[in-house]
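What you see below is based on every heavy atom in this structure, not just the backbone, and it leaves out hydrogens, waters and symmetry mates. Throughout, numbering of the chain's residues begins at 1 and tracks the sequence.
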Amino acid sequence: MFRTKRLMVAGLAAVLMAGLGACGGGDSGSGAVTHGGGSGQAQPSPETVSGLRDTVRHLDRKTVMDTRAHLVRKCTTATERVRHTSSSGSGTHRKTRAWYTTEHHRSCKKVRQGTERYRRVVRAERWCVSLDDVNGAKARDGVWYQVSRAAYDQARAADEHSRIEFTPRGSGC
């Protein structure tokens with residue numbers, strides 16, 4: 001029984017990780033990068049990239065109102081009469097004494113009680129920079145990189161077509 005439960009949980013975890021990987025879910029600063037405008041193949045991020053600043057883009061965080069199950073904690077208390085025994089002596093002179101106590105138990109569970117509204121994040125906030133002549137390759141123009149806020153501010157302050165260098169968080173925008 002436990003083996004099948006473990007297999008089910010492992011299978012569910014594998015499916016969930018595969019789904020998040022395909023959708024680009026997870027931490028954007030993890031170092032995994034998708035190349036080719038979101039092809040879905042994770043490749044290691046290069047340490048730093050350099051090139052001529054083309055354009056910058058800031059994408060705001062996008063949220064929507066959604067509903068989910070409202071869970072509340074329900075607790076129940078129960079009492080149980082427990083018999084205790086103590087023995088003394090041996091053989092025919094053995095005496096057993098019994099007494100009873102009442103033990104109190106409390107068990108709590110989260111149960112659904114209606115629904116609640118909450119704000120769900122559809123798209124996280126992103127800062128992107130487009131480079132021309134990436135790492136000196138003249139043919140690589142208009143390549144988008146996701147960057148940190150500091151790198152975005154630095155690129156935004158730089159003149160257009162000036163050489164900049166940064167460590168990307170990911171590719172594509």
Side-chain angles (χ1 to χ4, degrees), residues 1-49 57-129 144-153 166-173:
M1 177 175 153
F2 292 114
R3 179 173 282 188
T4 57
K5 255 189 180 176
R6 276 192 217 148
L7 286 173
M8 286 176 30
V9 169
L12 180 64
V15 168
L16 186 62
M17 286 190 302
L20 284 175
C23 295
D27 183 20
S28 62
S30 66
V33 181
T34 57
H35 290 280
S39 64
Q41 296 175 343
Q43 296 178 355
S45 173
E47 288 298 313
T48 59
V49 293
R57 181 185 297 164
H58 174 239
L59 297 171
D60 287 327
R61 182 177 80 152
K62 187 175 180 183
T63 61
V64 293
M65 290 302 290
D66 207 351
T67 57
R68 64 182 168 203
H70 178 70
L71 299 176
V72 294
R73 193 173 154 188
K74 291 271 186 173
C75 298
T76 58
T77 56
T79 56
E80 182 182 0
R81 190 171 181 226
V82 180
R83 182 176 192 234
H84 304 276
T85 58
S86 174
S87 299
S88 62
S90 62
T92 58
H93 298 290
R94 186 165 189 85
K95 282 191 169 188
T96 301
R97 187 174 75 87
W99 71 96
Y100 294 88
T101 60
T102 304
E103 290 186 0
H104 300 275
H105 300 286
R106 183 176 183 194
S107 63
C108 298
K109 294 179 182 176
K110 283 191 173 182
V111 295
R112 181 178 172 167
Q113 187 176 31
T115 57
E116 63 182 355
R117 290 184 57 77
Y118 74 106
R119 187 166 295 280
R120 180 170 55 94
V121 177
V122 177
R123 180 185 67 211
E125 187 173 24
R126 289 192 302 230
W127 297 275
C128 303
V129 176
W144 283 99
Y145 293 100
Q146 291 180 32
V147 296
S148 65
R149 173 73 189 261
Y152 170 82
D153 289 339
F166 54 83
T167 302
R169 286 188 171 174
S171 68
C173 189

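Not counting sequence neighbours, R57 has no partner by the salt bridge (Lys or Arg N to Asp or Glu O under 4.0 Å) test.
For the pair F166 and Y145, the minimum side-chain heavy-atom distance is below 4.5 Å. Counting heavy atoms from C-beta on, the side chains of L71 and V111 never come closer than 4.5 Å. For the pair C108/K74, no side-chain contact is recorded, criterion being any heavy-atom separation below 4.5 Å from C-beta on.
Note that CZ of R169 and CD of Q146 are 9.0 Å apart. Values are rounded to the nearest 0.5 Å. To the nearest 0.5 angstrom, S90 atom OG is 13.5 Å from K95 atom NZ. Between the OG1 atom in T101 and the CZ atom in R83 there is a gap of 12.0 Å [rounded to 0.5 Å]. How far CZ of R106 is from SG of C75: 4.0 Å, rounded to the nearest 0.5 Å.
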Run the side-chain donor-acceptor check on residues 58-70: report pairs under 3.5 Å with partners two or more places apart or on a different chain.
from	atom 1	to	atom 2	distance (Å)
H58	ND1	D60	OD1	3.4
H58	NE2	E125	OE2	2.8
H58	NE2	W127	NE1	3.4
T63	OG1	R119	NH1	3.0
D66	OD2	R120	NE	2.9
R68	NE	E116	OE2	2.9
H70	ND1	E116	OE1	3.1

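With hydrogens and angles disregarded, no donor-acceptor distance shorter than 3.5 Å links the side chain of T167 to the backbone of T48. For the pair R94 (side chain) and G89 (backbone), a donor-acceptor distance under 3.5 Å is present.
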> Where do S107 and T76 land on the side-chain hydrogen bond (donor to acceptor under 3.5 Å, both in side chains) test, with the steps shown first?
Replying inline: CA-CA 6 Å; S107 63; T76 58; 3.2 Å; yes
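Between V147 and P168, the shortest heavy-atom contact is CG1-CA, 4.5 Å. Residues C128 and G172 come closest through the heavy atom pair SG-O, 4.5 Å.
Under a cut-off of 6.0 angstrom, the local environment of CZ in R73 is sparse, with at most 12 non-hydrogen atoms contributed by other residues, nucleotides or ligands.
For residues 86-120, the pairs satisfying ring pair (Phe, Tyr, Trp, His ring centres under 6.0 Å) are H84-W99, with sequence neighbours left out.
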